[in-house]
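One-based numbering, in listed order, for ligands and for the atoms of each. These values consider heavy atoms only, across backbone and side chains, with no hydrogens, waters or symmetry-generated copies.
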Amino acid sequence: MKLLQEKILKEGRIEGSDILKVDSFLNHQMDIDLLNEMGKEFKRRFKDKKITKILTIEASGIGISCIAAQYFNVPVVFAKKSDSRNLDKEVFESKVTSFTKGKDYIIKVSKRYLREEDDILIIDDFLANGQAIFGLKDIVKQAGSNLVGVGIVIEKGFQNGGKILRDSGIQLESLAIIKSLENNQIIFEEKKGEENK
Ligand code: 5GP
């Protein structure tokens with residue numbers, strides 16, 4: 001998605017050789033006009049699919065999921081990372097290893113909000129090694145729901161999450177795919193047919 005690539009080039013900051021910081025428009029401050037365009041683009045890419053719910057993970061997936069949900073007219077369910085007394089006792093849970101924090105945590109979703117009859121689109125901000133998405137996918141499986149696809153804002157193509165998901169036959173739609181962050185330079189992978197959208 002051209003607009004997103006331009007924003008990443010203008011405002012993205014590289015940390016080390018594998019972390020991209022996009023706090024100015026996605027992970028801290030949020031650019032709602034841009035999120036709106038991204039929401040429309042997710043809808044365009046999944047337009048023929050029956051989707052009854054969007055599933056994401058707190059915190060950074062929530063903003064883009066809520067905006068996208070307005071184009072799908074479906075609720076958003078987000079997996080919780082922290083224990084809360086407010087959370088139902090009956091939960092689906094899965095273990096996730098955080099790429100950015102380097103530690104394990106358990107994600108939880110109340111059994112009330114995922115049903116066998118649900119058709120789920122998973123949305124998240126970043127895809128690196130795929131741990132967060134594998135955890136969400138595991139929860140969808142436990143619920144007996146149907147996983148329709150995965151929508152990602154920024155995929156880091158030099159890490160292996162995207163390949164594993166595509167190889168397993170899942171429809172993975174990433175709005176920007178980064179080929180490399182080396183030498184303090186952001187290089188995109190141009191997927192045929194998508195580059196000018
Ligand atoms: P994965 O679970 O695919 O290994 O990593 C994805 C998760 O880690 C995302 O939900 C995101 O929060 C975080 N993450 C991974 N790489 C980056 C990155 O380069 N920049 C930012 N801002 N977050 C990242």
Side-chain angles (χ1 to χ4, degrees), residues 1 4-32 34-35 38-39 42 54-69 76-82 92-109 120-141 147 149-168 170-189 191:
M1 188 183 169
L4 174 61
Q5 289 190 348
E6 285 165 6
K7 190 77 167 174
I8 293 171
L9 288 176
K10 196 163 155 235
E11 298 184 16
R13 287 181 294 121
I14 300 170
E15 260 189 30
S17 59
D18 61 358
I19 297 274
L20 178 68
K21 302 262 295 180
V22 287
D23 286 358
S24 68
F25 65 90
L26 186 64
N27 290 137
H28 199 6
Q29 172 171 266
M30 288 189 274
D31 180 333
I32 302 304
L34 178 61
L35 263 61
M38 299 195 296
F42 280 132
I54 291 175
L55 176 66
T56 189
I57 184 164
E58 68 177 353
S60 294
I62 297 177
I64 177 60
S65 294
C66 289
I67 298 232
V76 174
V77 177
F78 64 90
K80 300 206 179 200
K81 287 178 178 167
S82 50
F92 300 115
E93 50 180 56
S94 192
K95 192 175 92 174
V96 169
T97 305
S98 162
F99 174 74
T100 41
K101 297 193 183 77
K103 61 171 193 187
D104 291 347
Y105 56 92
I106 305 288
I107 59 169
K108 296 180 182 179
V109 174
I120 306 288
L121 172 63
I122 293 176
I123 288 186
D124 202 9
D125 60 340
F126 269 86
L127 177 64
N129 292 320
Q131 288 292 314
I133 301 300
F134 299 150
L136 292 172
K137 189 170 160 274
D138 179 35
I139 282 179
V140 171
K141 192 173 164 211
L147 178 63
V150 176
I152 296 289
V153 177
I154 303 173
E155 174 183 339
K156 293 189 292 180
F158 55 88
Q159 292 179 274
N160 63 5
K163 180 170 174 8
I164 296 171
L165 289 172
R166 289 190 182 91
D167 286 353
S168 71
I170 289 171
Q171 183 182 352
L172 168 63
E173 297 290 345
S174 301
L175 303 186
I177 304 181
I178 291 173
K179 197 176 182 174
S180 163
L181 291 174
E182 281 176 14
N183 306 317
N184 213 31
Q185 234 197 324
I186 302 170
I187 312 277
F188 293 103
E189 237 169 60
K191 223 177 115 196

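Partners of Ser17 according to the side chain to side chain contact (heavy atoms under 4.5 Å, CB included) rule, which considers only residues two or more places apart in sequence or in another chain, are Glu182. Every side chain to side chain contact (heavy atoms under 4.5 Å, CB included) that Asn27 has, sequence neighbours left out, goes to Val22, Asp23, Ser60, Asp125, Phe126. Applying the side chain to side chain contact (heavy atoms under 4.5 Å, CB included) criterion to Lys95, with sequence neighbours excluded, gives Asp104, Ile106.
The pair Glu155-Arg166 meets the salt-bridge criterion, with a side-chain N (NZ, NE, NH1 or NH2) lying under 4.0 Å from an Asp/Glu carboxylate O. Under 4.0 Å is where a charged nitrogen must lie from a carboxylate oxygen, and between Lys7 and Asp31 at least one such pair does.
Using a heavy-atom distance under 4.0 Å as the criterion, the protein contacts of ligand 1 are Asp18, Ile19, Leu20, Asn27, Phe99, Thr100, Asp124, Asp125, Phe126, Leu127, Ala128, Asn129, Gly130, Gln131, Ala132, Lys156.
Between the side chains of Glu11 and Ser24, a donor-acceptor pair is found at a separation under 3.5 Å.
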